[in-house]
Amino acid sequence: MTAQPPGPSPRPVPSGELRASHDDREAVVEQLRDAAAEGRIDLDELDSRLEQALQSKTYAELAVLTADLPRLDSSGSRPPLVLKGGMYGASRGPGRWEVPGHVIAHGGLGGVKLDFTRAECRLTEVAVEAYGETSGVTIVIPDGWAADTSGMDPGVGGLRDKTSPDRLPGTPLIRLTGSGGMAGVVIRHPNRWERRKLDGNPTQG
């Protein structure tokens with residue numbers, strides 16, 4: 001019996017034909033709304049493009065909707081923000097700061113607190129690496145933001161995820177990785193004292 005020649009190998013799918021996710025569509029929706037706010041497209045065109053964005057199934061269909069708009073300087077392309085607890089600790093927030101696509105926090109001897117409650121974030125997803133080490137890392141995210149901690153190694157100190165899974169549309173997902181180390185990592189929403197401070201100073205930077 002003669003061997004049959006192998007059949008044709010599957011054709012690789014061009015990147016533009018790959019299926020878009022909910023987050024991909026939401027990112028385009030935000031870019032279109034920004035363009036309308038800047039006067040680049042009028043409200044009728046915004047409505048039309050938003051409808052097409054929500055119905056788009058592939059990257060190519062989404063790309064058409066923003067092809068004539070300038071590319072924004074995405075904070076996702078910026079270098080990672082690195083915080084090292086060192087001897088005396090380190091923190092970012094709760095004042096206003098612009099979130100890059102990648103944040104790395106080393107608890108060290110003094111600990112690190114990373115507070116996103118007043119942060120400006122235009123990204124749909126932020127990668128946070130947290131290493132609890134000796135004194136731990138605390139991460140505070142606003143209500144409505146969600147976290148994926150499935151890639152986190154709890155280590156000896158453990159991981160305490162006190163966040164709600166309920167994510168509001170248009171808010172970023174914090175994808176947490178790293179290790180709890182000796183002191184552990186905590187990710188949570190604002191506590192009572194922090195909420196009181198936020199309510200009392202809603203616009204303070």
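For reference, positions follow the sequence shown, starting with 1.
- Residues Thr66 and Leu32 meet the side-chain proximity criterion, which asks for heavy atoms closer than 4.5 Å.
- Residues Thr149 and Thr163 form no side-chain contact, since every pair of their non-hydrogen atoms from C-beta on lies 4.5 Å or further apart.
- Counting heavy atoms from C-beta outward, Arg19 and Lys57 have side chains that approach closer than 4.5 Å.
- The minimum heavy-atom distance between Ser135 and Gly107, with the atom names listed, is CB-O, 4.4 Å.
- We find the CD1-CG distance between Ile174 and Leu176 to be 8.5 Å, quoted to the nearest 0.5 Å.
- Other residues, nucleotides and ligands place more than 12 heavy atoms under 6.0 Å from the CG atom of Leu168.
- Side-chain contact check for Ser56 and Gln52: no donor-acceptor pair (N or O, by modelled atom type) lies under 3.5 Å.
- A chain of hydrophobic side-chain contacts below 4.5 Å, direct or via other Ile, Leu, Val, Met, Phe, Trp or Tyr residues, connects Leu114 to Leu159.
- Using a distance-only test at 3.5 Å, with no hydrogens or angles considered, no donor-acceptor pair links the side chain of Glu129 to the main chain of Ile104.
- The CD atom of Glu61 sits 9.5 Å away from the CZ atom of Arg25 when rounded to the nearest 0.5 Å.
- In terms of heavy-atom proximity, Val137 sits nearest to Ile139 at CG1-CG1, 4.0 Å.
- You'll find the side chain of Glu120 stays beyond 4.5 Å of the side chain of Val99, heavy atoms only.
- Nearest heavy atoms, Asp68 versus Leu65: OD1-O, 4.2 Å.
- Remark: side-chain polar atoms of Arg195 are paired, donor with acceptor, to backbone N or O of Pro190 under 3.5 angstrom.
- For residues 174-194, every residue pair satisfying the salt bridge (Lys or Arg N to Asp or Glu O under 4.0 Å) rule, not counting sequence neighbours, is listed here: Lys113-Glu194, Glu125-Arg175, Asp148-Arg175, Arg188-Glu194.
- Using a 4.5 Å heavy-atom threshold, the side chains of Glu26 and His22 count as separate.
- Side chains of Ile187 and Met152 form no contact here, defined as non-hydrogen atoms less than 4.5 Å apart.
- Between Asp34 and Arg122, the shortest heavy-atom contact is OD2-NH2, 2.5 Å.
- Here the straight-line distance linking atom CG of Leu54 with atom CG of Leu62 works out to 9.5 Å at 0.5 Å rounding.
- Here the OG1 atom belonging to Thr138 is positioned 10.0 Å from the CG atom belonging to Asn191, to the nearest 0.5 angstrom.
- Between Val112 and His106, every side-chain heavy-atom pair lies at or beyond the 4.5 Å cut-off.
- Between Trp97 and Phe116, the angle of the ring planes lies from 30° to 60°, which puts this pair in the tilted group.
- Of the residues Leu69, Val28, Val29, the one that meets the side chain to side chain contact (heavy atoms under 4.5 Å, CB included) test with Arg49 is Leu69.
- Taken to the nearest 0.5 Å, the CD atom of Glu98 stands 8.5 Å off from the CG atom of Leu123.
- Closest heavy-atom contact between Gly132 and Val185: N-CG2, 3.9 Å.
- A distance of 4.5 Å separates CG of Leu198 from OG1 of Thr117, quoted to the nearest 0.5 Å.
- The hydrophobic clustering, which links ILVMFWY residues whose side-chain heavy atoms are closer than 4.5 Å, places Tyr131 and Met182 apart.
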- Item | Audit row: Val103, Arg92, side-chain contact (heavy atoms from CB on, under 4.5 Å) steps and yes/no | CA-CA 11 Å; Val103 181; Arg92 179 57 59 96; over 6 Å; no

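- When all heavy atoms of Leu81 and Pro100 are compared, the closest pair comes out as CB-CG, 3.8 Å.
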